[in-house]
Amino acid sequence: MTARGDRILGLGLFVLAVAYGWGAQQWPEPFGGAETVGPETFPTLLSVVLALSSVYLIVKPDPDAHWPMGRTAAEILLAIAILVVYAFLLEPLGFVISTTLAVGALCWRMGAKPLRSLLIGLIAAVVVFFLFNYGLELSLPGGLLEFE
């Protein structure tokens, strides 16, 4: 693909950024009024970064862009599929289990051994879970590990 392909990708990513940012703003206001840092903060920051990156891609595309083919393209599509499945499993399985599986699968596809990949995924999931739930007081879904 050439510069036109980069512009088409940039436009698609921009639409995704706007939709994601809009979705982040649909969280209901918490009881007791608005907070400085709420559940919409992180997704909003991601949507702004994605929007700025996509505008750059539209305005200044790479004229000699060579899009991957074959095995590399398949690996990219597999990574995208893993992230989509992760989004769907996040609520029913919970953050720790789904993040362990997603990070483990992505690490494995990047060349780490399967057991080490799963261990890295578990450590990352637990650290982020505790950081968000107890450090930032932003609750993440417990899923199967939720005891009430």
Side-chain angles (χ1 to χ4, degrees), residues 1 5-6 8-58 60 62 65-148:
M1 261 193 216
D6 281 354
I8 292 170
L9 176 64
L11 183 62
L13 291 175
F14 186 79
V15 169
L16 179 66
V18 169
Y20 190 67
W22 178 80
Q25 301 308 311
Q26 301 311 306
W27 289 92
E29 188 172 302
F31 181 74
E35 300 173 3
T36 305
V37 177
E40 75 280 350
T41 304
F42 185 68
T44 301
L45 289 173
L46 287 178
S47 68
V48 168
V49 170
L50 180 58
L52 292 174
S53 301
S54 61
V55 166
Y56 181 81
L57 197 57
I58 293 169
K60 194 170 169 125
D62 183 4
H66 298 288
W67 286 60
M69 297 295 194
R71 182 176 169 87
T72 305
E75 289 287 342
I76 291 171
L77 291 175
L78 179 62
I80 291 169
I82 289 170
L83 293 174
V84 168
V85 169
Y86 170 72
F88 283 108
L89 294 179
L90 191 58
E91 195 67 36
L93 293 182
F95 181 82
V96 173
I97 294 173
S98 56
T99 302
T100 299
L101 295 173
V103 172
L106 291 172
C107 287
W108 173 62
R109 294 312 310 147
M110 287 186 228
K113 294 182 179 180
L115 187 56
R116 182 172 286 177
S117 297
L118 205 56
L119 184 61
I120 290 169
L122 179 63
I123 291 169
V126 169
V127 167
V128 171
F129 182 80
F130 278 103
L131 175 68
F132 271 62
N133 271 10
Y134 302 109
L136 299 174
E137 295 181 5
L138 298 173
S139 66
L140 295 172
L144 297 176
L145 299 178
E146 203 166 273
F147 302 108
E148 285 189 46

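Just so it is clear, the structure is predicted and the values come from calculations on it, not from any experiment.
Atom CG of Leu101 and atom CG of Leu106 lie 11.0 Å apart (nearest 0.5 Å). For the atom pair CG of Leu119 and NZ of Lys113, the computed distance is 13.5 Å after rounding to the nearest 0.5 Å. Here the OG1 atom belonging to Thr72 is positioned 11.0 Å from the CG atom belonging to Leu77, to the nearest 0.5 angstrom. From Leu45, atom CG reaches atom OG of Ser47 across 7.5 Å, with rounding to the nearest 0.5 Å.
Checked against side chain to side chain contact (heavy atoms under 4.5 Å, CB included), Ala102 has the following partners two or more places apart in sequence or in another chain: Ile82, Tyr86. Remark: Leu46 pairs with Tyr20, Phe42 by the side chain to side chain contact (heavy atoms under 4.5 Å, CB included) rule, at least two apart or across chains. Every side chain to side chain contact (heavy atoms under 4.5 Å, CB included) that Ala17 has, sequence neighbours left out, goes to Leu50, Ala51. Taking Tyr56 as the reference, Lys60 meet the side chain to side chain contact (heavy atoms under 4.5 Å, CB included) condition, with sequence neighbours excluded. Partners of Arg116 under the side chain to side chain donor-acceptor pair (under 3.5 Å) rule, at least two apart in sequence or in another chain, do not exist in this structure.
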*Between Val128 and Phe95, is a side chain to side chain contact (heavy atoms under 4.5 Å, CB included) present by the stated rule, with each step listed?*
CA-CA 9 Å; Val128 171; Phe95 181 82; 3.5 Å; yes
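Side-chain atoms of Thr99 do not come within 3.5 Å of backbone N or O of Ala125 as any donor-acceptor pair.
Nearest heavy atom pair, residue Val96 against residue Val126, reads CG1-CG2, 4.3 Å. Taking both residues in full, the closest heavy atoms of Ser54 and Gly10 are given as CB-O, 3.2 Å, listed atom of the first, atom of the second, then distance. The shortest heavy-atom contact between Leu122 and Thr100 is CA-OG1, 3.5 Å.
Two residues are said to be in side-chain contact when any heavy atoms from C-beta on lie closer than 4.5 Å; Leu89 and Ile97 fail this criterion.
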